[in-house]
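Counting from 1, the numbers follow the sequence of the chain as shown. Hydrogens, waters and symmetry mates are skipped; everything else that's a heavy atom, side chains included, is used. On a predicted model such as this, the values are computed, not experimentally measured, just so you know.
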Amino acid sequence: MSPYTSVAIYYFSGTGNSKNVATWLSGVAEERGITCTLTDIGKVNRLELPLPPDDALIIFVSPVHGFNYPPIMLNFILHFRKGKNKIALVNTRAGMLIGKWITPGLSGITFYFSALILILKGYSIKALYPVNLPSNWISVHPGLNKRTVEYLHVKNKQRVKAFCLKILSGGSEFRSVLEIIQDVLVAPIAIGYYCVGRFFLAKTYYASGDCDSCNVCIKNCPVHAIKTIDNRPYWTIHCESCMKCLGNCPKKAIETAHGFAAFVLLVYNLIFLLLYYKYFPFDLLGGRNMFVSFIVESLFFVFGTSALYYLVHYMMRFRLFERAMVYTSLSKYRFWGRRYKALKP
C-alpha cells in the first residue's frame with residue numbers, strides 16, 4: 001500500500017534522457033494504480049502551475065549541466081511554491097560504457113543545492129537518485145555508438161523501475177550521498193560553469209550551409225534561445241546546451257564550433273590576460289583582489305566571446321569561411337559527430 005495518493009513529475013529534457021526517466025517513473029506509478037501527472041517544464045507557463053495535493057509525491061527530473069541542474073530547472077525549483085510534500089530529486093548524467101561496466105557521471109552540487117532550497121520551502125526530501133544514461137555532449141567527446149546507447153537504456157530502465165517501486169512503497173534512497181567527496185571537489189567547476197562556462201558554450205553552435213531554414217531548431221528550443229539573424233539560426237546566451245537542436249536537425253546542419261572555441265581560448269589567454277596583468281597589475285583597492293579579477297576576466301570573456309560569435313555569424317555568408325568553420329568542427333566527422341537521440345521509452 002503506497003502512502004501517496006498521486007505522483008506529480010516535473011521534468012526538463014533536451015535529447016530525451018530525462019523524458020524517458022519521467023515516463024518510466026510514471027509507468028510504474030500507473031501500474032500501482034496511482035494517479036500520475038507528467039509536466040514538461042519547457043512547454044508550460046511555469047509560474048501558473050497548480051500545486052499538487054499535500055499527499056502527492058513530487059519528483060523533479062532533469063539532466064546535469066556543468067555538475068548542476070540547468071538554469072531552467074533551478075529557476076523552476078526556486079519559484080516553486082511552499083508546501084509539505086515528500087520530494088524525490090532525480091538527475092540524468094553522463095553515463096559511458098567500458099565492456100559491460102557502466103561508468104557513472106558526476107552529479108556535483110545538483111542535489112545538494114536544490115534539496116536545500118526545497119527544505120527551506122517546507123518540503124521533505126525522500127530521494128536523491130542519479131541515472132547514468134548516455135552522454136549526449138558531443139561538444140566535448142565523441143558520440144556514443146548504438147550498442148552503448150541501447151545497453152545503457154535497458155539497464156537503467158530496470159534500475160529506475162526498481163527505484164520507483166521502493167519510493168512509492170514509502171522508502172527512501174540516498175546512496176548518492178556516498179559520492180559527496182567527488183561532488184564537493186567539482187563544486188568550483190559547477191559554480192564557474194553557471195557563472196561563465198554556459199555562456200561560452202552557448203556560442204559554440206552554428207548552422208552550416210546545409211541549413212534550409214526549416215526553423216525546427218527555433219520552434220523546438222525549450223528555452224527559446226535560438227532566433228533568426230540574417231536568415232540563419234543564431235544562438236543567444238540563453239542557450240543551455242541541451243543538444244535538442246543538434247540532435248533533431250533534419251539536415252544535420254548544426255555543428256559545434258571546436259575550431260572557434262580553440263581560437264577564443266587562445267586569444268583570451270595569450271592576448272587579454274597578458275595585457276590585463278601587464279597594464280593593470282593592481283586593482284582599485286590596492287593589491288590584487290582575486291574576486292575583482294575574476295569578475296573583470298569573466299565579463300571580458302563572456303562579452304568578448306559574444307562579439308566574436310556575432311562576427312563569425314556574419315562571416316558565415318561567405319562560402320570559404322563557412323567551409324573553414326565546418327571542417328574545423330569535430331562534429332562534422334563520423335568518428336565524433338554521432339547525433340544523439342534517446343530511444344523510445
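Side-chain contact between I109 and F67 is absent, with no heavy atoms from C-beta onward closer than 4.5 Å. At least one side-chain heavy atom of I125 sits less than 4.5 Å from a side-chain heavy atom of F174. Two residues are said to be in side-chain contact when any heavy atoms from C-beta on lie closer than 4.5 Å; P130 and F111 meet this criterion. Within the 4.5 Å cutoff, the side chain of I58 has no heavy atoms near those of the K86 side chain. Here the side chains of P222 and K43 are not in contact, with every heavy-atom distance at 4.5 Å or above. At a threshold of 4.5 Å between non-hydrogen side-chain atoms, the residues I218 and K227 do not count as touching.
Residues Y4, V7, Y11, V21, W24, L25, V28, I34, L38, L57, I59, V61, V90, Y129, V131, L133, V160, F163, L165, I167, L168 make up the rest of the hydrophobic cluster containing I9, defined by ILVMFWY side-chain heavy atoms closer than 4.5 Å, directly or through other members.
Residues Y309 and V264 share a hydrophobic cluster, clusters being chains of Ile/Leu/Val/Met/Phe/Trp/Tyr side chains in contact below 4.5 Å. L51 and L89 end up in the same hydrophobic cluster when Ile, Leu, Val, Met, Phe, Trp and Tyr side chains are linked at under 4.5 Å. Clustering ILVMFWY residues whenever any of their side-chain heavy atoms sit less than 4.5 angstrom apart, transitively, puts I237 in the very cluster that holds V312. Hydrophobic clustering (ILVMFWY, side-chain heavy atoms < 4.5 Å, transitive): F200 and V64 are in distinct clusters. Criterion: ILVMFWY side-chain heavy atoms under 4.5 Å apart, direct or through other members. Under it, L144 and W101 are not part of a common hydrophobic cluster.
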Report task. Go through the steps for T236 and I226 under the test side chain to side chain contact (heavy atoms under 4.5 Å, CB included), then give the verdict. Result -> CA-CA 6 Å; T236 70; I226 311 172; over 6 Å; no

Query raised in the report: Should T23 and N20 be marked as a side chain to side chain donor-acceptor pair (under 3.5 Å) after you check the CA-CA gap, both sets of side-chain angles, and the distance that decides it?
Result: CA-CA 5 Å; T23 303; N20 275 357; 5.2 Å; no

Query raised in the report: Is there a side chain to side chain contact (heavy atoms under 4.5 Å, CB included) between H224 and H238 once you walk through the steps?
Result: CA-CA 8 Å; H224 311 292; H238 300 294; over 6 Å; no

Report task. Evaluate the salt bridge (charged side-chain N to carboxylate O under 4.0 Å, His left out) criterion for residues K344 and E150: first the C-alpha distance (whole Å), next the side-chain angles of each, then the deciding distance (0.1 Å), finally the verdict. Result -> CA-CA 10 Å; K344 291 183 179 180; E150 290 178 345; over 6 Å; no

**Report entry** F76 vs Y10, ring-ring contact (aromatic ring centres under 6.0 Å, His included): CA-CA, chis, key distance, verdict
**Finding:** CA-CA 9 Å; F76 182 68; Y10 302 97; 5.2 Å; yes

Requested in this report: List the steps and the verdict of side chain to side chain contact (heavy atoms under 4.5 Å, CB included) for V196 and V302.
Outcome: CA-CA 7 Å; V196 181; V302 171; 4.1 Å; yes

Report task. Begin with the C-alpha distance, continue with both residues' side-chain angles, and end with the deciding distance and a verdict on side chain to side chain contact (heavy atoms under 4.5 Å, CB included) for N132 and L152. Result -> CA-CA 8 Å; N132 299 301; L152 291 175; 5.8 Å; no

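Other residues, nucleotides and ligands contribute only 12 or fewer heavy atoms inside 6.0 Å of the CZ atom of F263. Within a 6.0 Å radius of NZ in K166, more than 12 heavy atoms belonging to other residues, nucleotides or ligands are found. Within a 6.0 Å sphere centred on CG of N45, other residues, nucleotides and ligands contribute more than 12 heavy atoms. A 6.0 Å sphere centred on CG of L311 holds more than 12 heavy atoms belonging to other residues, nucleotides or ligands. More than 12 heavy atoms of other residues, nucleotides or ligands shown are found within 6.0 angstrom of NZ on K126. The environment of CG in L320 is sparse: at most 12 heavy-atom neighbours from other residues, nucleotides or ligands sit within 6.0 Å.
A donor-acceptor pair is defined here as one N or O able to donate and one able to accept, closer than 3.5 Å; such a pair exists between the side chain of K157 and the backbone of P345. Put simply, the side chain of Y206 gets close to the backbone of V326: a donor and an acceptor are under 3.5 Å apart. The closest donor-acceptor contact from the side chain of K121 to the backbone of L78 lies under 3.5 Å. The backbone N or O of F301 lies less than 3.5 Å from a partner atom in the side chain of T305, making a donor-acceptor pair. Judged purely by atom type and a 3.5 angstrom limit, S18 has no side-chain atom pairing as donor or acceptor with the backbone of S13. Formation of a donor-acceptor pair under 3.5 Å by the E173 side chain with backbone atoms of R175 is found in this model. In this structure a side-chain-to-backbone donor-acceptor pair under 3.5 Å is missing from T204 to A261. The main-chain N or O of G108 is found under 3.5 Å from a side-chain atom of D183 such that the two form a donor-acceptor pair. Here the side chain of K203 pairs a donor or acceptor atom with the backbone of W235 at under 3.5 angstrom. Looking at T110, its side chain does come within 3.5 Å of a backbone N or O of S107 through a donor-acceptor pair.
Ring orientation note: the planes of Y193 and W137 are nearly perpendicular, at an angle over 60° on the 30°/60° scale. Ring geometry for F318 against Y314 counts as perpendicular: the plane angle is over 60°, on a 0 to 90° scale with 30° as the lower cut.
In this structure, D230 pairs ionically with R317, as a charged nitrogen and a carboxylate oxygen lie closer than 4.0 Å. Ionic pairing of E322 and K332 is not present here: no N-O contact between side-chain nitrogen and carboxylate oxygen is shorter than 4.0 angstrom.
For the side chain to side chain donor-acceptor pair (under 3.5 Å) test with T15, the passing option among T92, N136, N248 is N136; the others fail. Remark: of the listed residues Y205, Y234, F321, Y234 is the sole one forming a ring-ring contact (aromatic ring centres under 6.0 Å, His included) with H313.
Here the CD1-NZ distance, from I98 to K100, works out to 15.0 Å after rounding to the nearest 0.5 Å. A distance of 13.0 Å separates SG in C239 from NZ in K244, rounded to the nearest 0.5 Å. Rounded to the nearest 0.5 Å, atoms NZ (K251) and CG (D212) are 5.0 Å apart. Distance CD/E30 to SG/C36: 6.0 Å, rounded to 0.5 Å. Summarising the geometry, atom NZ belonging to K219 is positioned 7.5 Å from atom SG belonging to C214; distances are rounded to the nearest 0.5 Å. Note: L178 CG to S176 OG = 8.0 Å, rounded to the nearest 0.5 Å.
Residues N85 and P53 share a closest heavy-atom pair of ND2-O, 2.6 Å. Closest heavy-atom contact between I72 and G42: CD1-CA, 4.1 Å.
Defined by atom type and a distance below 3.5 Å, a donor-acceptor pair is missing between the side-chain atoms of N145 and R338. For the residue pair E255/S208, the side-chain donor-acceptor check at 3.5 Å is not satisfied.
Under the 6.0 Å distance and 45° angle rule, R198 counts as a cation-pi partner of Y194. Relative to the ring axis of Y123, K84 does not place its NZ or CZ within 45° and under 6.0 Å from the centre.
Residue pairs meeting the side chain to side chain donor-acceptor pair (under 3.5 Å) criterion with at least one member in residues 54-83, sequence neighbours excluded: T5-D55. Residue pairs meeting the side chain to side chain donor-acceptor pair (under 3.5 Å) criterion with at least one partner in residues 257-269, sequence neighbours excluded, are T256-H258.
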